[in-house]
Amino acid sequence: MKKKDTVTLIDNSTGKELELPILRPTEGIATIDVRALYRELGYFTYDPGFLSTASCRSAITYLDGANGILRYRGYPIEQLAEQSTFLEVCYLLYYGDLPDSKQLTTFKNDICHHTMLHEALKQFFIGFRRDAHPMGIMVGVVGALSSFFHDHEDVYDPKQRQKAAHRLIAKMPTIAAWSYRYAHGLPFMYPRNDLDYAGNFLHMMFALPTEEYTPPPLFVKALDLIMILHADHEQNASTSTVRLTGSSEANPFAAVSAGIASLWGPAHGGANEAVITMLLDIVNSDNDVQYYIDRAKDKNDRFRLMGFGHRIYKSYDPRAIIIRKTCHDILEQLEPGNRYQELFDTAMEIETIALQDDYFKSRNLYPNVDYYSGIILLAMGIPLNMFTVIFALSRTIGWISHWNEMMQDPESRIGRPRQLYSGEKPRNYVKLDSR
Ligand code: SDX
C-alpha cells in the first residue's frame, strides 16, 4: 500500500485524531503543515525561539547545519566567495539567478546612481551625540529614508519594490560611512561612481578632501568577500524581524530599520564586536585563555565564548572557515609582529582548546561567522563599533530579498503568533482603600 505523506496526531485526552500533511522541501528538512491544528483540535504549537518552526517557504538560501553547507540560490558559498563579487551576489539573491554581463552592467549602473543621500538627511546625523553608536544612527537614518520616498509606496508593485531595493543597497554604504565620519568630526565624503562597491565604502570611510586616497586593493577584496559571506542566512533573527515587520505592509525602509535593530544584539550580529572585546581582554590579561574558557563553561557566569556556537550549524560555520583563511592571508601581508597577529593567534589558541573540550564538543559549539571577521576589519582600520554596521550593510540585500519574496508569496499573511497564557485567572477590581 502506498504510504501517505502525512502524520497523524492523536489527542490522548480526547481520543480525537488529526492527519496533517508533510510538506517536502527541494532539499533539507521536511515540515508538518500545522495550520489546521487550532481549527481541528483547538491547540497551538509551543516553540519559544522557533527551534522546530518553519515560518515561511523560501527559495533564497539553503543551510545544512549538520554538514556545514550554505548556498545562495543553489550556489555553494565557497564558489561565490572564490569567484563572485558582492554586487553580483546582490543580483543573485534578489533576482534568483546569476546576471549575464548586460544585466550586471545595468544593475551596477542602477546602484551607482542611487548612492547619494538627500542633503536634508545630513541633519539627521548632526542630531546625534558624537559618541552615538553607529548602529543607533543606522536604525534612525534608514527608518527616516521612508519619509523621503513617497513616490514608491505600493509594496505589492514589483517595480516599486525593486526601486526600494536598489535605493537601500546603494545608500547603506553612504549611511554607514557617514555614521563613522560624523562620530569622528570628519567631513562627509560623497560616493564615487568610478569605484566598486567595497572600494567606494572605504573611500567614504577614510578619504580626506585634502589629499588623494586610493582604497588599498588588499582591503577592497577582503571587504567584498566579508560582505558576500554576510549577505544572507535564511530565517535568522534579523531577517525574521524584517519579514514580520513587512508582513503588516509597512514600507521596506521601516522593515530594514527593524532588522538593523535586531542585528545589533550581541547574540546576533553584535557578536563580531564582542569577539574582539573578548580577545583584547584575554590579550591584556596575559593570555589567560583557560580562565575565559572555564568562565564560558560556568553555568553561573553569563559570559559566553563570543563567536562560538550557532542555532543551525552544529559543525564548523562554512563562512568562518573562509574568513579564517582570509584573515591568515591578510596578516601575512602586513608588517610582521603587527598587533592583529596576536589577536589571531589568541583566537586560534582558544579554538584549539575549546574544540578539544567536552563542554563545547558535546554541545556542537564551533566558531561562527563572527569569530574571525573582526580581526580583518580591525586590520583595515575599521573601529570596533563599526563592525556590526558592516554586517548590516552586507545583510541588507538578504533582508530586502526576503521582503520581496514574502510580498509576492500567495501564502504570506500578517505575522501574528499566539502564546501559552501563564497569567492570572479572572479576578475583580479592588478599590485602592481596600488593597
Ligand atoms: C549570528 O541565525 C543566524 O543565522 C545568525 C547568523 C547570521 O548570519 O544571521 O549566523 C549570525 O548571529 C552568529 C551567532 C553570533 N553570536 C555569538 O557568537 C554569541 C555567542 N553564541 C551564543 O550566544 C549562542 O551560541 C547562539 C545565540 C549563537 C545560539 O544560541 P542557541 O541556539 O539558542 O543555543 P543555546 O543558547 O540554547 O545554547 C545551547 C547550549 C547551552 O548550554 P546548556 O544549557 O545546553 O548547558 O550551548 C551553550 C549554552 O549555554 N552555549 C554556549 C555558547 N553558545 C551556546 N556556551 C558558551 N559559549 C557559547 N558561545
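Heavy-atom basis, side chains included; hydrogens, waters and symmetry copies ignored. Counting starts at 1 for both ligands and their atoms, in listed order.
- Counting protein heavy atoms only, atom 15 (C) of ligand 1 is closest to Asp370 OD2, 3.3 Å.
- Within ligand 1, the atoms closer than 4.0 Å to a non-hydrogen atom of Ala267 are 12 (O), 14 (C), 15 (C), 16 (N), 27 (C), numbered from 1 in the order shown.
- If you check which protein heavy atom lies closest to atom 14 (C) of ligand 1, you get Asn368 ND2, 3.5 Å.
- Ion pairing of Asp33 with Arg35 is present here, as a side-chain N (NZ or NE/NH1/NH2) and a carboxylate O approach within less than 4.0 Å.
- With a 4.0 Å heavy-atom cut-off, ligand 1 is reached by the side chain of Leu365 but not by its N, CA, C or O.
- Polar contact check, Lys314 against ligand 1: no nitrogen or oxygen pair lies under 3.5 Å apart.
- Between Glu405 and Arg57 no salt bridge is recorded (no basic side-chain N to carboxylate O distance below 4.0 Å).
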**OP:** Kindly indicate, with the supporting measurements, whether the criterion salt bridge (charged side-chain N to carboxylate O under 4.0 Å, His left out) is fulfilled by Arg161 and Asp157.
**Re:** CA-CA 6 Å; Arg161 291 203 302 269; Asp157 175 350; over 6 Å; no

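- For atom 28 (C) of ligand 1, the nearest non-hydrogen atom of the protein is Gly309 O, 3.7 Å.
- Summary of contacts: the protein heavy atom closest to atom 2 (O) of ligand 1 is Asn236 CB, 3.4 Å.
- Residue Glu234 places every heavy atom at 4.0 Å or more from ligand 1.
- Between Tyr94 and His166, the angle of the ring planes lies from 30° to 60°, which puts this pair in the tilted group.
- Considering Arg319, Arg395, Arg304 only, the shortest heavy-atom separation from atom 22 (C) of ligand 1 involves Arg304.
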Subject >> Trace of the side-chain contact (heavy atoms from CB on, under 4.5 Å) decision for Glu88 with Phe107 >> reply: CA-CA 9 Å; Glu88 184 177 73; Phe107 182 66; over 6 Å; no

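- Summarising the contacts of atom 3 (C) of ligand 1 with Arg363, Lys297, His310, Arg311, the nearest heavy atom is found in His310.
- A salt bridge is defined here as a Lys NZ or Arg NE, NH1 or NH2 lying under 4.0 Å from an Asp or Glu carboxylate O, and Asp357 with Lys297 meets this definition.
- Here the shortest heavy-atom distance to atom 12 (O) of ligand 1, taken over His268, Met306, Arg295, belongs to His268.
- Checked by atom type and distance alone, the side chain of Gln408 pairs as donor or acceptor with a backbone atom of Asn404 at under 3.5 Å.
- Near Ala296, the atoms of ligand 1 lying under 4.0 angstrom from a non-hydrogen atom of the residue are 56 (N), 57 (C).
- Contact of the Thr241 side chain with the Thr245 side chain is registered, since non-hydrogen atoms from C-beta on lie closer than 4.5 Å.
- Although no hydrogens or angles enter the test, the distance criterion places a donor-acceptor pair under 3.5 Å between the side chain of Thr105 and the main chain of Ser101.
- Atom 4 (O) of ligand 1 has as its closest protein heavy atom His233 ND1, 2.6 Å.
- Classification of Glu234 and Arg311 as a salt-bridged pair fails, no side-chain N sitting under 4.0 Å from a carboxylate O.
- Every heavy atom of His230 sits 4.0 Å or more from the atoms of ligand 1.
- Considering backbone and side-chain N/O of Phe308, one or more are found under 3.5 Å from N/O of ligand 1.
- In this structure, Gly49 falls outside the shell of residues with a heavy atom less than 4.0 angstrom from ligand 1.
- When each of Asp64, Asn368, Leu70, Ile69 is paired with Tyr313, the side chain to side chain contact (heavy atoms under 4.5 Å, CB included) condition holds for Leu70 and for no other.
- The nearest protein heavy atom to atom 25 (O) of ligand 1 is closer than 4.0 Å.
- At least one N or O atom of Gly307, backbone or side chain, sits closer than 3.5 Å to an N or O atom of ligand 1.
- Annotation for ligand 1: atoms under 4.0 Å from non-hydrogen atoms of Lys299 are 42 (O), 43 (P), 44 (O), 46 (O), 50 (O).
- Within 6.0 Å of atom CG in Leu218, more than 12 heavy atoms from other residues, nucleotides or ligands are found, so the atom counts as buried in its surroundings.
- A salt bridge links Arg24 with Asp5: the distance from a Lys NZ or Arg NE/NH1/NH2 to an Asp or Glu carboxylate oxygen falls below 4.0 Å.
- Distance screen at 4.0 Å: atom 19 (C) of ligand 1 has a protein heavy-atom neighbour inside the cut-off.
- Residue Ala271 has at least one heavy-atom neighbour below 4.0 Å for each of these atoms of ligand 1: 15 (C), 16 (N), 17 (C), 18 (O).
- The closest approach between any non-hydrogen atom of Gln235 and ligand 1 is not below 4.0 Å.
- Residues Gly65 and Ser315 approach most closely at O-OG, 3.1 Å, considering heavy atoms.
- Nearest to atom 56 (N) of ligand 1 by heavy-atom distance, out of Phe360, Phe391, Tyr359, Tyr366, is Tyr359.
- Taking only nitrogen or oxygen atoms, main chain and side chain alike, Leu305 reaches within less than 3.5 Å of ligand 1.
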